[in-house]
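I have placed the structure first, in the form of structure tokens, so that the comments after it can refer back to it.
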Amino acid sequence: MYKQTFNIKRQRLVFRRFGNKGYSLFSCLGREVVCSVLSVSTLTYASAESVSTHPVVSDSTATTTAREMMLDEVSVTGSRAPLTKSQAARMVTVLDRQQIAQAPVQSINDLLKYAVGVDVRQRGAIGAQTDVSIRGGNYEQITILLNGVNICDPQTGHNAFDFPVDISDIVRIEVLEGPAGRVYGTSSLVGAINIVTKTALPSTLHAEGGSYGYAQVGGRVALNGKTSHSLSASYTRSDGYSRNKAGRLNADYKGGKAFYQGQYEDDDVRLNWHAGMSVRDFGSNTFYGAKWDDQFEHTLKTYTAITAENKQGRFKLKPTIYWNHQNDRFELFRDAPDIYPYNYHRTDVYGVNLNSHFDWALGRTAIGAELRNEDLVSGNLGEPLSRTHHIHGTDRDYEYGLNRTNMSFVLEHNILLERFTLSAGMVAVKNSWNEMNMRVYPGIDASYRIGQNWKVYASYNTSLRMPSVTELYYSVGGHKADKHLKPEELAAVEGGVQYNTHLVDAKLSVYRHHCKNLIDWIRRSDDVDAPWESVNFTEVNATGVEATLALNLQEMMPAQHILKRLQVAYSYIDQDKVETDGIQSQYTLEYLRHKLVAQLQANLWKRLNANLSYRMQDRTGTYTNADGEITDYKPYGIVDARLSWNADSFTLYVEANNLLDKTYVDFGHIAQPGRWWMAGFSIQL
């Protein structure tokens, strides 16, 4: 935030449009900036720039072309070193606070459904459990970050999106598609998603309720200054939308979140820290098998981290220390441990990383290193422990576990010319698991800017992923794991072109993935009693195309005042490995071949705004339904809508998910909710 130091009236600049000039940022330093025409993309398309702003509380689309912002910083996270938008050699999708406020969603998972390259496979509603993947990968192959800190759980990726932050806490979401080893670490095999929060948000109160006994209430208190603090909390519950064969609710949900964030800043240093907690209890109905229709899960997660960075000097240092903790209890039969013992797991992840960069005559160089220890104790996963640990609140002990340490070193150099950027580097990795030797994974990105509006880019990147503990050791409940699985490795080539004006945003990209030792759960479909086995595929190649188009209808047709913006995006993926007769895949071969997303924003009358969203998905592969029959996935189209009244200090809204009441599944036999109505309000205190 700009802080006025002297009693001098600031000069105000008015930008009619943003140019791709390399000096654009520097021309506005120390001045107030009024963005008279600021094109705000919606979820289907976002520019590569990550613009961190003080939040716009109202989600009104009527004022998006004339709203005032203070530019805090302009940076892109597609490389290890920070680069401006015009310098970026790799595209990053950014969903900002304005877009999040306009979307008819209740969770981060729902929000990501409208990012065209992201596959969101929902098991339970309102974020109960969702598998999120990128570009045909699976939920284990992406890195999830909170304020740049890796919060992935080595036990399983099923609960990766159990965040301590409410959706109203988020400033922006950054989605990096493709291998991101040298940027976000080696677990980002097919991409990474970074959730960014900030202390400088207003104090608010919000509540909403709707179908299936759904209710949510939450709020935030913020204190800003040289040392700033924010504390937010929320509680969510629902009766659920389905019942088991005995007539009991089996998709119910209740959970609470609390998140504290602090920041200290002076002329020399900036410190950021956070501490968060998430507690959830939810009916898992048939999440892990159609034969058991009253499963249940309890999770408790805590997150702590502190980051520092110097603001003076040529050499920039940014160290981070973090600790993530999780307790998980899974009940195959709810409230019936005498029928089948509960599965208990406890995970602790400790990490320290150091990022640095400096400028010199030949460009900008970044150096980084990370040490990450993953420790899991369990009732059934891992190797036998030499010393058992008591499971709190029970008469049982953790008898199994696994401890592994990952070391990584990153070197990257960026050549920055007037119109050309070249970023090249590598990540070197060594993991203590399975006595893995040091491995090196290189990457290179290049972009060239043509005139004011065009950019062409190309990249080659590689990465790897270690198997999760579940993939290595989960041999219960009809599963048979292999503790000798090899790490997955991926090499990807991508090229594309981008066109950007204040009227039109468009992008076309083509990519090719080559994956070795791909991990999946497969089973023989001709034997109903055959177990699901974790295996390494030899090789899987995937070719994909993504196209996006966003039109600023208000600027294109100034005579009308209703239609504001239209966005359409399409993704196509083809893999050279498909399900064969007698073999059924659980994850990897069930990718989205076609995905189409569209959004229309409109201002109906005065402060009354509407957002209409549509997504069509066509998935490959098969699943076993509740009757034991092998069934093909069917394509489906879903319409979501939001109607809101946006005043200066409050917003009233009504939303409908699955407005046309379609019947569909994202994962196997688990039917998703029908039409779901919600209404709520948000007040700025």
**Prompt:** Please walk me through it: do Asn147 and Asn272 pass side-chain hydrogen bond (donor to acceptor under 3.5 Å, both in side chains)?
**Reply:** CA-CA 10 Å; Asn147 294 320; Asn272 290 278; over 6 Å; no
**Request:** Take Leu402 and Val377, measure what side-chain contact (heavy atoms from CB on, under 4.5 Å) needs, and give me the verdict at the end.
**Result:** CA-CA 7 Å; Leu402 183 70; Val377 290; over 6 Å; no
**Request:** Verify side-chain hydrogen bond (donor to acceptor under 3.5 Å, both in side chains) between Arg372 and Tyr322, making sure each step is shown before the conclusion.
**Result:** CA-CA 9 Å; Arg372 176 183 173 94; Tyr322 62 90; 3.0 Å; yes
**Prompt:** Stepwise, does the side-chain hydrogen bond (donor to acceptor under 3.5 Å, both in side chains) test hold for Tyr441 with Glu489?
**Reply:** CA-CA 9 Å; Tyr441 296 89; Glu489 296 180 305; 2.6 Å; yes
**Request:** Begin with the C-alpha distance, continue with both residues' side-chain angles, and end with the deciding distance and a verdict on side-chain hydrogen bond (donor to acceptor under 3.5 Å, both in side chains) for Tyr448 and Trp454.
**Result:** CA-CA 9 Å; Tyr448 183 76; Trp454 290 90; over 6 Å; no
**Asked** When you look at Thr93 and Met91, which way does the side-chain contact (heavy atoms from CB on, under 4.5 Å) test go after all the steps?
**Response** CA-CA 7 Å; Thr93 299; Met91 301 299 102; over 6 Å; no
**Asked** Is there a salt bridge (Lys or Arg N to Asp or Glu O under 4.0 Å) between Asp359 and Arg314 once you walk through the steps?
**Response** CA-CA 7 Å; Asp359 295 331; Arg314 172 184 252 180; over 6 Å; no
**Prompt:** Checking salt bridge (Lys or Arg N to Asp or Glu O under 4.0 Å) for the pair Glu546/Arg135: CA distance, chi angles, key distance, verdict?
**Reply:** CA-CA 10 Å; Glu546 291 180 7; Arg135 288 187 171 178; 3.1 Å; yes
**Evaluation steps, side-chain contact (heavy atoms from CB on, under 4.5 Å), between His514 and Leu490** = CA-CA 6 Å; His514 174 68; Leu490 180 69; 5.5 Å; no
**Request:** Could you please spell out the steps behind the salt bridge (Lys or Arg N to Asp or Glu O under 4.0 Å) verdict for Lys311 and Glu309?
**Result:** CA-CA 7 Å; Lys311 299 170 63 178; Glu309 56 182 312; over 6 Å; no
**Message:** Assess the residue pair Lys316 and Lys318 against the criterion (side-chain contact (heavy atoms from CB on, under 4.5 Å)); give the C-alpha distance rounded to whole Å, side-chain angles, the decisive distance to 0.1 Å, and a yes or no.
**Reply:** CA-CA 7 Å; Lys316 305 298 183 183; Lys318 189 175 181 180; over 6 Å; no
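When side chains are defined from C-beta on, Ile108 counts as touching Ile170, because their heavy atoms get closer than 4.5 Å. Side-chain contact between Leu416 and Leu83 is present, with heavy atoms from C-beta onward closer than 4.5 Å. With a 4.5 Å cut-off on side-chain heavy atoms, Val469 and Leu381 count as touching. Residues Asn324 and Thr302 fail the side-chain proximity criterion, which asks for heavy atoms closer than 4.5 Å. For the pair Val118 and Val132, the minimum side-chain heavy-atom distance is below 4.5 Å. Within the 4.5 Å cutoff, no side-chain heavy atoms of Tyr499 are placed close to those of Leu508. Proximity of Thr405 to Leu371: side-chain heavy atoms (C-beta onward) are separated by under 4.5 Å at one or more points. Counting heavy atoms from C-beta on, the side chains of Ile306 and Thr320 never come closer than 4.5 Å.
No side-chain donor-acceptor contact under 3.5 Å links Ser133 to the backbone of Tyr139. Panel note: side chain His413, backbone Leu422; no donor-acceptor pair is recorded below 3.5 Å. Arg220 contributes a side-chain N or O that, together with a main-chain N or O of Ser168, makes up a donor-acceptor pair within less than 3.5 Å. With hydrogens and angles disregarded, a donor-acceptor distance shorter than 3.5 Å links the side chain of Arg80 to the backbone of Val183. In this structure, the side chain of Gln261 does not engage the main chain of Ala275 through any donor-acceptor pair within 3.5 Å. Using a distance-only test at 3.5 Å, with no hydrogens or angles considered, a donor-acceptor pair links the side chain of Ser356 to the main chain of Ile367. Side chain of Asn150 to backbone of Leu145: no donor-acceptor contact under 3.5 angstrom is found. Side-chain atoms of Glu471 come within 3.5 Å of backbone N or O of Ser468 as a donor-acceptor pair. At distances below 3.5 Å, not a single donor-acceptor pair connects side-chain atoms of Asn353 with backbone N or O atoms of Glu370. Listed for the Asp166 side chain is no donor-acceptor partner under 3.5 Å among the backbone atoms of Asp169.
In the model, Arg404 has no side-chain atom that pairs as donor or acceptor with a side-chain atom of Asn431 under 3.5 Å. A side-chain donor from one of Asp131 and His158 sits under 3.5 Å from a side-chain acceptor of the other. One side chain, Asp162 or Thr299, offers a donor N or O that lies under 3.5 Å from an acceptor on the other. In this model, a donor atom of one side chain and an acceptor atom of the other lie less than 3.5 Å apart for Asn373 and Asn403. Side-chain N/O atoms of Asn159 and Gln129 include a donor and acceptor closer than 3.5 Å. For the 3.5 Å distance criterion, the side chains of Asn310 and Asp268 fail to qualify, holding no donor opposite an acceptor. For Ser187 and Thr143, the side-chain atoms include at least one donor-acceptor pair closer than 3.5 Å. The closest side-chain donor-acceptor pair between Asn414 and Glu412 falls under 3.5 angstrom. Using modelled atom types, one finds a donor on one side chain and an acceptor on the other under 3.5 Å when comparing Gln326 with Lys301.
Considering CZ of Arg465 and CD1 of Ile142, their distance stands at 11.0 Å, rounded to 0.5 Å. Between the CG atom of Asn109 and the CZ atom of Phe161 there is a distance of 6.0 Å, given to the nearest 0.5 Å.
A pairwise comparison of heavy atoms in Pro179 and Arg90 identifies O-NH2, 2.8 Å as the closest pair. Nearest heavy-atom pair, Ser423 versus Ser79, reported as atom, atom and distance to 0.1 Å: OG-CB, 4.5 Å. Val349 and Cys152 make their closest contact through CG2-O, 4.5 Å (heavy atoms, listed as atom of the first residue, atom of the second, distance). The minimum heavy-atom distance linking Pro164 with Leu146 is given by the pair CG-CD2, 4.0 Å.
In this pair, Tyr260 and Trp273 present their aromatic rings tilted. The plane angle is within the 30 to 60° band. In this structure, Tyr511 and His513 have tilted ring planes: the angle between them lies in the 30° to 60° band.
In this structure, Arg364 fails the cation-pi test against Phe358, since its NZ or CZ atom is not both closer than 6.0 Å to the six-membered ring centre and inside 45 degrees of the ring normal.
A distance of 6.0 Å or more separates the ring centres of Tyr303 and His274.
Within 6.0 Å of the CG atom in Leu485, the count of heavy atoms belonging to other residues, nucleotides or ligands exceeds 12. Within 6.0 Å of CE in Met436 there are more than 12 heavy atoms belonging to other residues, nucleotides or ligands.
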